[in-house]
Structures are given as C-alpha cells and as structure tokens.
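Here is the structure we will look at.
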There are 6 protein chains.
Amino acid sequence: MNILKLGLPKGSLEKATIELFEKAGWLIKPAARNYFPKIDDPELDCSICRPQEMSRYIEGGMLDAGITGKDWTLENGSDAVIVADLIYSKVSNKPTRWVIAVAGDSGIRTIEDLQGKRIATELVNVTRRFFESRGIDVSIEFSWGATEAKVVSGLADAIVEVTETESTIRAHGLRIIHELMESNTQLIANKQSWADPWKRHKIENISLLLQGALRADRIVGLKMNVEDKDLDQVVDILPSLNAPTIAHLYQSNWFSVETVVSEDIVRDLIPRLIARGAQGIIEYPLNKVI
Amino acid sequence: MNILKLGLPKGSLEKATIELFEKAGWLIKPAARNYFPKIDDPELDCSICRPQEMSRYIEGGMLDAGITGKDWTLENGSDAVIVADLIYSKVSNKPTRWVIAVAGDSGIRTIEDLQGKRIATELVNVTRRFFESRGIDVSIEFSWGATEAKVVSGLADAIVEVTETESTIRAHGLRIIHELMESNTQLIANKQSWADPWKRHKIENISLLLQGALRADRIVGLKMNVEDKDLDQVVDILPSLNAPTIAHLYQSNWFSVETVVSEDIVRDLIPRLIARGAQGIIEYPLNKVI
Amino acid sequence: MNILKLGLPKGSLEKATIELFEKAGWLIKPAARNYFPKIDDPELDCSICRPQEMSRYIEGGMLDAGITGKDWTLENGSDAVIVADLIYSKVSNKPTRWVIAVAGDSGIRTIEDLQGKRIATELVNVTRRFFESRGIDVSIEFSWGATEAKVVSGLADAIVEVTETESTIRAHGLRIIHELMESNTQLIANKQSWADPWKRHKIENISLLLQGALRADRIVGLKMNVEDKDLDQVVDILPSLNAPTIAHLYQSNWFSVETVVSEDIVRDLIPRLIARGAQGIIEYPLNKVI
Amino acid sequence: MNILKLGLPKGSLEKATIELFEKAGWLIKPAARNYFPKIDDPELDCSICRPQEMSRYIEGGMLDAGITGKDWTLENGSDAVIVADLIYSKVSNKPTRWVIAVAGDSGIRTIEDLQGKRIATELVNVTRRFFESRGIDVSIEFSWGATEAKVVSGLADAIVEVTETESTIRAHGLRIIHELMESNTQLIANKQSWADPWKRHKIENISLLLQGALRADRIVGLKMNVEDKDLDQVVDILPSLNAPTIAHLYQSNWFSVETVVSEDIVRDLIPRLIARGAQGIIEYPLNKVI
Amino acid sequence: MNILKLGLPKGSLEKATIELFEKAGWLIKPAARNYFPKIDDPELDCSICRPQEMSRYIEGGMLDAGITGKDWTLENGSDAVIVADLIYSKVSNKPTRWVIAVAGDSGIRTIEDLQGKRIATELVNVTRRFFESRGIDVSIEFSWGATEAKVVSGLADAIVEVTETESTIRAHGLRIIHELMESNTQLIANKQSWADPWKRHKIENISLLLQGALRADRIVGLKMNVEDKDLDQVVDILPSLNAPTIAHLYQSNWFSVETVVSEDIVRDLIPRLIARGAQGIIEYPLNKVI
Amino acid sequence: MNILKLGLPKGSLEKATIELFEKAGWLIKPAARNYFPKIDDPELDCSICRPQEMSRYIEGGMLDAGITGKDWTLENGSDAVIVADLIYSKVSNKPTRWVIAVAGDSGIRTIEDLQGKRIATELVNVTRRFFESRGIDVSIEFSWGATEAKVVSGLADAIVEVTETESTIRAHGLRIIHELMESNTQLIANKQSWADPWKRHKIENISLLLQGALRADRIVGLKMNVEDKDLDQVVDILPSLNAPTIAHLYQSNWFSVETVVSEDIVRDLIPRLIARGAQGIIEYPLNKVI
C-alpha cells in the first residue's frame, strides 16, 4: 500500500494541529513516549517532530510532508515545496513576527547602532543573512531559550525573538527596533514526493481538507425564514461567501434562506436581518467550508 | 470611534460569561494580571469586575453596561437600567436564592425568633432592610466568607447566605427558616449610556445575541424526511417554538421537515416521530436561536 | 410516578458514558461522594456502580437496567437481558480483548503448557470455566490489580488480562499466547423490569437515543449545491447511509443536496464531489442519527 | 550474594512506607510502571505489591518479607511470621478498625438483626468466619469498592468496612453496630526465610531500624544548660525515656543536660524547665531512637 | 476540663501557621469543610477564621485567643490584649506595609492632592481615620479585591493596599505616594480570658513555644572540636546568642564546643572558625530555641 | 560594595541547586518571569541561565562564577576555572554519561561502523571532536530534543545522548555502543574574577559551604552512651570520617560518644554498636559537615 510519511509539529502548535486534523477528518491519538502518534488512516504514517527540524527531514526525504513554521524552513535553508499557508485563527489577529529588540533604556535606536554588538537568538542563520545583507557586523550567539532575559541581564545587547502580541517583550521592558520577518504555519512537502502522483494527490487532499477545516473555524451556518415580499431585501445584505440556498416552503409564500457567514459579522448581521423581516433565525456550527 | 465600556463578572460567573459571549459571537481572551481582557470588537472595552461592585461602577458611569447578579445591584442600591435577565442553564433547574439559615438543632424557628440575635452575611444592606421592614431588631455583621461555618462554631446565631441546591447549607447541618430573595444574572446599563442612541443600540444588540446564545444552549435542530401521507401527523406533534420548515423533495412525494426543539424533549419526541412515519432523523447542535 | 433505576459504570467508562447521555439528551451531574448523580429526567434514578458488580445488582433487581461490560456480566454468570451493544468509538478500532499472556522469555507457548501453573487474573470465573472446558489444570488466583507486573516479578506464571492496543502488555515485556474473549459495553436489563411495559418502553427509548448519539459521533452532515446537469453523478457517489435530501433552489436550475456520511470517508469524498461539480460544500456536526 | 526479597505495600501506605525506609536509612526510588522500585542496598530486592495480596506471596515464598496490614494477612489465612507491629503515627491517635455499619435509619441494631441480610465487604473471609462463629446466617458479597454507598442505595443491608476516624461512615449517614477487629501495619516474613540465619538477621535489622525511625517520628532531642544548684530539680522532671546525658562544662559550675523526649510533652515540659532554672534550651529533630 | 478556644487565620497565613504550631509541638490536621481543624491537645479548640474577622470574635469572647494581623485588629478597632508579635521569616526581609498608590502617570504627588478623590481599599476604617486626622476629604469605597486594577481602569483615583515587595504594585504600573502603616502577625487574646489564670498560663505557654519555634527557623546548631591552645580565639568569634557549651574531651587536650547561631551568618563564620583552628565542624537543624 | 555575579542553572538542576544553597546558608527565592532570583546576601547577584550557555557567559565575564555541567563547558570550549566538582546525591549512584546509541536491531556494533552515518545530538562540538580524533567521518546534526526518537523513526542512524540510568535509552529500544564521556555538576569561575582576591575569597567560601552541605546530605550525627569497659570496642568500629567526640558523664563511669557517619552504613552499624554495649543510640540530621 502507498504510504505518506507526515510530520506534525511538537510543542506550541501540537495541540492545535491535532485538533485541526480532527476537524479535517483524521483522528490522531498521541502515543506517550515514542513520538509516533496513531492516525486512523492506513495511508498515513505520522511523526511528531520539532518545527525547527521539520524542513531538514522533509528536504532529506525522511518525511514526505509536514506542518511547520515558515521561519524554520528559512532558517534551515531547506529546499522544499510550500503546499499551503495555514493561518490558525487567534484572538489577537496579529501575525507572528521575528523582531529585533533592545533594552528599553538602551541608546540603540536603529539596526545600524548594532554594529559590533552581541545578539542572542534561536534563529541564527536568518539573523546572520539579514545583517550581512545590510553590511552590519554583529556577533550572533545561539540562545537556548529565555532570550528576552539576556538583554535585561546584560548577557546580550539585543535579541532576535518571535512575538505575536509583544506581551513578553514588553513584560521584560524591551523595545522593538526592527521587524525581521513575518511567519506562519505551512504545509510543506519533499520535492520527490511532490513529483509522485499518488503522494501529490494525497498531500493536496490533506491540504484541501485542512484549509476547509480552518475556514470553518470562525464561519457559521445561518438559516432563517423569509416571506416572499422581503426576500430580496434580506438576500441583499447576505455576504457573498457562498451563494445562499433558497427554497420555497411547502404551501406557503415563505422561503427558507440558508447561508454561511463569518462568525464575527453575525453579531452585526442578525439585528439587520430582523429589521428586514427575517424570522426564526438559527445559527449552527460548521466543521468544514470548502 | 464610539466605544462601549462593558463590565464582565469576576469569579464563578466569569468562565460561563466568556463562553456565552463566544457563542454570541465575541471572542474574549483573558489577560493574565491586569483585568482587561481582549475582545475582538473594536467598539467594546472590557473590564473584569467583581459582581459585588459592578452596579456601583455602572451607576457612577465608569462602565456603560455590565453582567452582574440582581442581588448585588440591590445590595448596592444602585440606580441602573435592567436590560435583560440572563438565565444561565443549570442541571439543578433551581433558582439562586438568598436564605436565612440557623443551626439544625437551634430553637429558632421563625424570623421573629431572631430578635436580638447576631446575623452574619455578605449581603448586609439587603438583610438590614429586610429586618427593618419586619420590625425585627438584629445585629448584622459583614462576613468575609465561610459564612455557614459561623453558625456551626457559634460565632453567629444565623446567616443570610446564597444557595442553589442547598448542599453546602445541609453539609454544615444548617436549617433554612426563610427565603429572602431570588436572584439571577442580569445585563444592566448606566442611565446616561442608555439615553445615548449609539450605546443603547449596541447594548440592545449584545442583549439580543446573548439571549439568542442562551436560548440555543439546550435547543437543537431536528431534521427528518416524511412521506406526504404522514406529513400532517408528524407536524402535529412538533412543538411550536418556531414554525417547522417544510420543503418538497425533488421528484418524490416526500418532504424534508426541519425544526428546532428543546433538547430535553428530544428524547421523548424522537420515538413518537418514528412511530408516525418520520425517517432519517438527524439532530444537530445550534449556536443561536433568535 | 414510574421510576427506572439505572446503573452507570464507575471508572474508565464513567466520563464517556455521561458524555454519551448528554448527547442523547440527558444531563447528568456527578454528585461528589454519594454515588447518586443527578439527572434531569424525573423518571430516572441513577446509581454509579462498578462495572464488575453491575450485572449482580441488575439480576437481583436492585437496578432495572445499566451500562456495563459484557465480560463482567459473563464473569458474574448473571441472568439479564442484553438490550444493546454500545460500541464506543476509539482511535484504535480494535476491540477490547481478554488475553492470556506470559513472560516474553518464558518457555510457555500454548495453553496446554500452562498445566499446573499459577495464573493471576481479575476475571476468575471466566478463566476457570475456560481452563476446565479444555481439561487443563491450573491454579487461578484473584489479582487486586497491576496484574502484568506479577509475571515480571515471578509472582505468577501467566495472567489473564484485558487489553485493547496491547501497549501495557508489551511495555511489561509479556507475550500473548491466547485470546479468551472479546468484550464491549452493553446496556443490560433486569428480566422482570423488561417484562413491565412502561419500564421496557423507557429502556428501549434510552437504547434508541444512546445508539443514535453513538452513531452521530463520527457521522457528519454534508450539504452542497449542484447544477441539474451534475445532479446524477454527484448523487451516485453519495454513500447510502440515509437517502440524500434534494431540494430545488428557488428560480434556478441548481439543487441543494444534503446527506449524512461517516466522517472518516469525508476526506476522500469531498475531492471526488468537487471533481463532479459540487459547489459550496459545507460539513456540519450532528448530535444524533436515528 | 545473599538477597532478601522484600514486599512494599502499594496504595495508601506506599508513600509513608518509602519515607519510613528513608528515615531508617534506605533510599527507595519508585520506578514508573514495573512495580520494582530501586533501593540503595544490593542485599534487597523490592517489589510493590497490594497489601491484600502480600501475605499470599510471602506464604508462598515468592517474597521473603513484607509490609502489610494485619487485616489482610488474616483475610488470606496466611501462615507467616509476624516480625513487628509498625504503628505509623497519625493525628487521630485512633486505631484502624473494621466495623459493621448499617443505614442510619435502619431498624438493624445488633448483629443478630443481620440474620438473612446481604452484607457487602472487601474482607469476605474474615467476615464469613465472624458470622459463622456467631451462628448468624448472612449473605456476603465481595465489594469492588465504594462500599459505603451500597447501603445508601439499598444494594446491601450492611457493610463491613475499614475506618479510622469514621468520617466517611458518617458522611454517608451510616451507623456502626459492631467492631469486627482492629488492624495495623506489620512486618511479616516467610517461615523458611525466617529459619535462614542470614535472612532472619537481615529482617531483624530492618525491623530494628524501622522501629527506631518510627519512634523518632515524634521524639525530639532537648539540650539545656543548668547550674549545679539546680541540677537535681531539673533532672527530676525529665521523663525517663533514656537516661539524660549530663556533662560538666569547662571551668564553670554549669552542666550541659541532654535528653530525648516525646514531642507532645515538650510544650508542657519547657515552661517547667525554665521555672526550675534551665537556660539556653534548644530542641532538635531526630532521625532514629533505638 | 479547661478549654481554650483558639482562632487560626484562614488564607495566606494558614499553612505557615499550621507549620509553626507543628514546630512548636502541636499537630493540627485541617478538616475539609467545617473549619474546625483537629489538634492533638485536648485543652485546645481550634477554629479557622478570616484574619479580617478574628479580633471581632476575640473581643466578643467567642474565641479566647487567636493569630491575626495587627492591621485587621486596628481596622476593627477591637479591644484585645496583644500577647506577642510573631514575625514570620521571609526572604524579602521587608515588613508588610499598607500604602497609598496612584497611577504611575497620575498628577497626584502628595496625600493632599487626594482631596475630593475616590479611594478603593479593603481597609476602610483605618483609611478613613487616617484622612480625617489629616483633614483631607476623600471618598472611600470598600474594594472586594483586585484593588490595584481599579486605578489602572480608572474606577478609582488611588488605592490603599497591602504590599511586601511592591511587586504587584509595580506590575500594575502604580506609584506609592505614602505609607499608612506597617503590620505583622500577632497573637492576641480576649481581656476576660487573659484575666483567667489558667487561660493566661495556657496562652503564655503557646506564646513561648511559638516564639521558640520562630526563633529556631533560621537558627542552627554548630558543633566543632578545638585544641586547648585555640580555644580562646575560637570562642571569641562565636556570637553570643546563648553562651557556648564547652566540654573537655576524654583523655585529650581537645574540647567540644557547641553553640547556636543565626543561619545567615554561618556562611561567613565557618571559614573564620577554620582559620582559627576549629575542626570537624558540623551544623545541625533546630526545632526550637528558647 | 563588592558584588559577585553568580549564575544558577535553569532546568533539571534548578530546584536541587536552590535547595543546596538553602542548606549551605543562602535563601534564594525564584522571581517569576525575569530570571533574576532574589538572594539574602547583598554581595551576590544571581542570574538563572541555561547550563548550555553558562560557561560562555562566565568566560565572557558577564558572570563571575556559576553552577553548570562539565559537559557543556567542554562543548563550548570555554576557558574557565574549575573551582569544585559538586556531586549531587542520587539513588542510582551512577554517573551522568554521554553515550552513543543505535537502534536495538541495527547492524552497527562499533564506532567504526558509524562511518558515513547521520548522528543527532545536542552536544555537537564534543561529538565532532571525538569522531575527528578517531578519524571517523560522520554527519552530525544538532538535535532540538527528543533525540532518542530519531533513531526509532529513522531520522538518524545514531545519537549521542546523556543518560544516568539508561531507562529512556532502553524504553526506546536503543543499544549503547560507546561511552563518550562522564559529566557532573561543577562550580566554575571567570579567570579575571578568580584573580581578584575579594571575588576569589567569596567564591571559595561558597564552594566550601556548598561542599559542606552536599557532604551532609547523606551523613548523620550519631550519639550514644557507653560504659567505660565497652568504650574501646565501640569506638573501634566507628568509621573515621571525623574523630568521635567522647565526654565523661557526670558522676558515673559512662561516656557520651558522638560522631558523624554516612547514612547508608548506619543501618549496618547500629546493630553492631548494640552488640558491643552501646545504649540510648540516637541519630540526628545534619545541615553541613565541613
């Protein structure tokens, strides 16, 4: 049987990824120690793998495809196919960014001021390429963690660190002086695997379903009854994500109107629908929107 | 931009309230220390606030509206608009009540027997007004917590305490001799804010959606196929929460019948629907029922 | 009022059973110490009871019906009505089995090699009957738990133990030499209760709803829009769990097609539906499929 | 090398036993799954074993000695050497007892009233022997746990259950009508092992040190300086656990007086010592008192 | 028998107080719900009681004595005997203080600037007396908790709050403009109880032992051997907490020198003792130093 | 004031190190986020720092001294003063070792078989130097964690990983083919700091006290009374860690004998002391043995 070797990211993305696969249609059960979770699809072999290492193993062919961060694929300089961007939903609505930060009371204002300084980061290669391209000579040290604290304690002059809401940065009293790059989760694939028709078809199906599940995360179904005289004015304000499904109700001049809308506009839409004559409005959750 | 300052209750209602807002269409993300959770609506500014203090801040205009208990609004004697009662669903189906309780083996049987006694409570003002209105002279002391234990240990002769299932009351061996008042969660608003059209419209929309989400909590969608000859007898037994949506199926003498019903009658309804000819019955969850 | 006394299994099945009843339409709230959870149906009295003892209490009439494992009903030799098999969904897709296992490096290869040996098990009676029927003389000792360890430490020569994925068996380095029986969860009833029309009707309704909820666990609703020219080829590939509901859309040559399918085929079905012209595919969760 | 196979009790005694061995001089490190903890004494092989099964394995020679409850050795009717009673210290100062309890409102007052009744217990054999010796005919059923609840729910007429403070018994509203037996922890040994001089010597050393550590648990060292004129009246009130150690201080008419006393009398003793002239009193903890 | 009713503080002091009593010689075992912990002294009846309420119950005679904060006794204006200050040891070495704090960027610099402002605090009476004594008119509101956040959110202009390290104050970006009072834990007694010889004697003994245990918390025993020629220069640098105990060693010109010293000077003392000829230095823990 | 900047290791050693400093005489209180714990010695500034980075910061002079593993100092090739080896006590009594491991069923038997293979490790530089010195050409990849799993999943041919009991190695089914190095915790110092008399003196005092506390961890004080006729034969078997302290008891022919011994021999020593006439033996814990 054909088998696709799939890498899942360990750590902060692990739980969200397993939940996403469940919504997409695959049950994954983490196995305690050995890093090979079980999945209810005999065509898939899953490995849990650090995002930092994922692209290396995909480039090397030990894995056919995997979920990882764009940042780490760049850090490793790996040659792999970017199949899809997977934007996991968040409250903050802010992208994940790698930024250069210094102590709040530091005299350093621009990246040029970093000439000759010590910089601590987990993203050594991307950082090095960035400063080389600007012609700024800095000393870059690999940080094993707690990177923000190093500026506070004087162990480093600046850091390159990942942030979403900047809350950890600010909690340490640091100041951001530059943004290096944005990052997001991606589905990537090995080049040879992508050239294999069966594997490519399988990867594309996974991509389709994962994206359908992601799309459904904050999209809901909305159903209402509308009299014929109100039909046009109700349909007019429905957002055009998909065309609404309109059906004539039995032996009446009423219609059932059904559509999918983004959850964050429902709170504004419903009062307007009521004002235009919609009745019996119900909202229901969705698993996937393709 | 217009901004509505909204108070959310800290403590036992906090989690349920955040979940209710999520069902109503707003994502709230608690922020660790500073009591100002983030919400994905730029027109709202949220504060987490003790239910005991909410109405004071709403009356004073520091907040435009908030979720709190009817009991604490009364305790504070605050002048505020009661926008809506929000009855959170519970297993017990019993209301929240403030009761007067004494030791199980106490000679005190009626509230008149409390003449001259010490009463411990968190609800000092409501309790004082109650006894004054009855002309009973008691000594009322503010209790910082663990009120039931005070009767057991002889630190107080009676308590006025909140209870739903009476289980804590009974676990301490206390006996209820009177019910002071029932309480429930409410959405309340500042009077000036309510007079402002934009704020009132915003508060009313929140109220509409919160109530729609509450209603959906134990209501489900039911869909089935019914042959034309059985249609009337099936429709007859559907509860009339909303009128059912009936649509003719393509090229057949069958109909799709869809309705929303309270979950706690589904278990009795489904066997009766089968008996009357319904087929392919499915039940699906709802987010909101307006 | 008529009352049905219902036993719910304590332990590993407890949480799953309460969740199943919730999906089926009954809210059960565990009560801390006294083993009598509250349920929002005045016709039901619930007791939490060890699966090992359930059938004894049902046979003896102390309970009318209960959820327990087939294995323990057999162990007790209880005379009860098997109302329904309830196959709880699992990742492993493997049945629960009672197996005979020995140390990995043991010379014991067949059950005949166990002649004269010590066997530790919680399932003493089933084990005894098994070996008696084969004419093999063994010494069977009741094990209070941690049965696998007894083979490792030499306290027993073999064990009879329950397993699903064999992971605990293998983690102790044991080898399975025989499978005694498969087991699964069942709804069972007392014979007299079953003869009482009201009780039997109530038990059958519970059984119907529990099975409807179980079926819905990995079944989803699928809805899509299809043009008339593509209708046949789309409907052709829909699995025939229930017939699809097809409705003509208002003033167009498109149809709304709706059906329920097993979630584990959705991931293969959706790409094929798209290839055949389906549009606006949404998937939504179900609570029950009757 | 000579090896002694030692059984340690799993469950409620496990942590206290490991701590006791640590005070006695042996470090035991629990090993996650396989029930064979490591100990820093090459002459000992430890197994973790249910107290209920311990005496069976000691009688059978699979273990040389072990820590278990007197109750379970009696239940199993095992023929083993009782090496020492180990009374673990507790706040309650009450012994562990097996009692017969009935519902608080039951008409059953004496054990004779139990004639023909159903009794649930984990201690089936001891219970059976007890009632047989009294000539009372009862039906005894093995209980897998939560025994108290069975009387509450009517699944049993009485229970035989273990209790120390009676709090669980009372929390279920039960009434004790008889005490079957007291129990305590014991060190027991296999008869053949006891006859082996090396093993007996090893077991006796373990017993000596465990008892020395237990004794030290609530005993402390007390040291003070006393002038010659006060020496007699101070020494007079020192309890005679061990004779006090009295040494003349260098170039002075003062003495150092040192003794060991039970911690629960220290609080009364110290004020009296001060009154009789003791100075510079210090109290220090002990690991062992032999 | 004579009984002393003793109040123990619930909350942040509870665990430390129970540990202190254990070191002092009394075992207290918290009882789950009913707030009356068990103690192994039949002459004592313990109640767990909020520090905020303790002095009220002691003044009223419901309790004879109790452990509480000096701040709450003042807040309640209770008339009670201050038996002893109990300074629990802390890393910070800073006293507990009630301070007035405002927003970091507020224009308020002095307490006079608070004229006409809103102040939130749990310590309403002490705060009111403070501002009245200064002739500053402020509006004081009882705060149910999370007091710091109220300044941040504009619900109050200033707060009066307790702090030790100021870390919560600073984490909210507040600025301290005045210190109201220092506080510490105290043992206090009812006036009538103090006049009763038996009760006073019992309270004084408790005070003696609690203080002995507190003193021992960071004091250790030090013992060393010293040759006669070095004796003077060693003894010279021993701190004079208690006079050292010096004893001639058997058949030698060496002495055993033993003393008690504060643990935080040991790290400086030991190197100096070695330099002056001390050998075989050991340090051992103490339970009490009277 | 002179200040010594001291690095404490984050992670698995953190808690043990803080406890060791507490025994040595310094209270360290971890501060939540910012990695600079408080210590009750104004001459010390503590930073929490990954062991992997410690030697880099000490070599660079950002820290004066620190606690880290010998392995990471070697990995970084740092030029620092090794002040002391600190052997933390463990049950296993086995040193920490870095080993080369392969899959259990691999054909690789010797390090020469690794020619041309992929090796994953966190200890890249030490590993590289090792294989270069042997003339074996391997491809070494930095592993971000879960190194053992990489051999299991085929992502690497071998690993270099740290182990104490080999339990994780064995749990993954790996086989050790070589030991690279042993490691242990060390106190190391910056070379310039070591040349500064005040800093060196401070570091040496810390080293003295830490070692005194470590030594005391499994050493105890033993005290007994011995009659003059038995004195020699008792003293003869006392181990000569420090010479015993012998003092004549007042007005008797008995002696007090006191010594310190390793706790793991106490269990054998006490029975022998009793046999030779020792009485009233007590054992007490020690904080430090210098």
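Residue numbering restarts at 1 for every chain, and letters A, B, ... go by the order of the sequence lines.
- When the heavy atoms of residues 191-208 of chain E are compared with those of chain D, the residues falling under 4.5 Å are E:Asn205, E:Leu208, listed by number.
- Atoms NZ and CD, on E:Lys288 and D:Glu263 in that order, are 5.0 Å from each other to the nearest 0.5 Å.
- Distance CD/E:Glu258 to CD1/D:Ile282: 6.0 Å, rounded to 0.5 Å.
- Interatomic distance, E:Leu209 CG to D:Glu283 CD, rounded to the nearest 0.5 Å: 8.0 Å.
- D:Pro285 and E:Pro285 make their closest contact through CD-O, 3.3 Å (heavy atoms, listed as atom of the first residue, atom of the second, distance).
- Using a 4.5 Å cut-off between heavy atoms, E:Ala24 contacts chain D through its backbone alone, with no side-chain atom that close.
- With values rounded to the nearest 0.5 angstrom, E:Ile246 atom CD1 is found 8.5 Å from D:Ser252 atom OG.
- In this structure, E:Asn287 and D:Tyr284 approach most closely via the heavy-atom pair ND2-C, 3.8 Å.
- The most heavy-atom pairs under 4.5 Å with chain E, out of D:Asp268, D:Leu249, D:Ile274, come from D:Leu249.
- Within residues 220-233 of chain E, the residues having any heavy atom less than 4.5 Å from a heavy atom of chain D are, in residue-number order, E:Lys223, E:Leu231.
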